[in-house]
Amino acid sequence: MNRQKLYDVSVSIRPKMPTWPGDPGFERSIVHAIAEGASSDVSTLRMGSHTGTHVDAPAHFLPGGATVDQLALDVLVGPTTVFELSVENEITGADLEPLNLEECERALFKTRNSRLWERDEFTTDFVYFTSEAARLLVEKGVRLVGIDYLSVAEYKHGTDVHRIFLQHGVVIVEGLDLSKIEAGAYQVMCLPLKVLGAEGAPARVLLAKS
Ligand SMILES: [Zn+2]
């Protein structure tokens, strides 16, 4: 049997990790402990819905928009291309034009951001899409777009780029760790937690290469 090689491109959720300023950090506390006589270990998890690798649903920026449990599953799973861009800060339309995006339903972007996951602290200095780049991805028919840090948009100027994607039904995956991934064709499996009514949720994201 031809086994697929699987790559986990999700970041590990941990107490010290970069999280968006103002969002809750991650906490795990033990509520039942075998060490204290309970029959099993059980813990409480507490975190923001946009912690680590996660999906943004339309409701994140659009009142009344679809929530994460309503996303089309056939967008979240299927063929994808990982593009590597060596831009300093912005991904512009001109950066995307040379890429073969026509037949690309799902596009994941590896940038220098992937190295930022080695830090414990959030940094505002990350690579993001300009509005023009977001519009171009929509025009090309991309239905899922992924980036390797906590926002598709510039720090403190997030609204336009998120809205361009979300208004056109593009699923946004943020917080990927693509540091060990080579550019190329893969299958992606992006599985956000099925939280009813949530505007986003942490996701386990795998890439497969046959
Ligand atoms: Zn988000």
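Just the heavy atoms: all of them, side chains too, but no hydrogens, waters or symmetry mates, feed the values below. Each ligand, and each atom within it, is numbered from 1 in the order the structure gives. Owing to the predicted nature of the structure, the values given are computational and were not obtained by experimental measurement.
The nearest N/O/S atom of His50 to the Zn ion (ligand 1) is ND1. Taking the Zn ion (ligand 1) as reference, Glu174 places its N/O/S atom OE1 nearest. The N, O or S atom of Asp56 with the smallest distance to the Zn ion (ligand 1) is OD1.
Here CG of Asp148 is found 9.5 Å from CG of Leu85. Values are rounded to the nearest 0.5 Å.
The 12-atom threshold is not exceeded at CD of Glu182, counting heavy atoms of other residues, nucleotides or ligands nearer than 6.0 Å.
A 4.5 Å side-chain heavy-atom check between Phe26 and Thr19 finds every atom pair outside the cut-off. By the 4.5 Å heavy-atom criterion applied to side chains, Arg204 and Asp8 are counted as neighbours.
Taking backbone and side chain together, His60 holds no N, O or S atom under 2.8 Å from the Zn ion (ligand 1).
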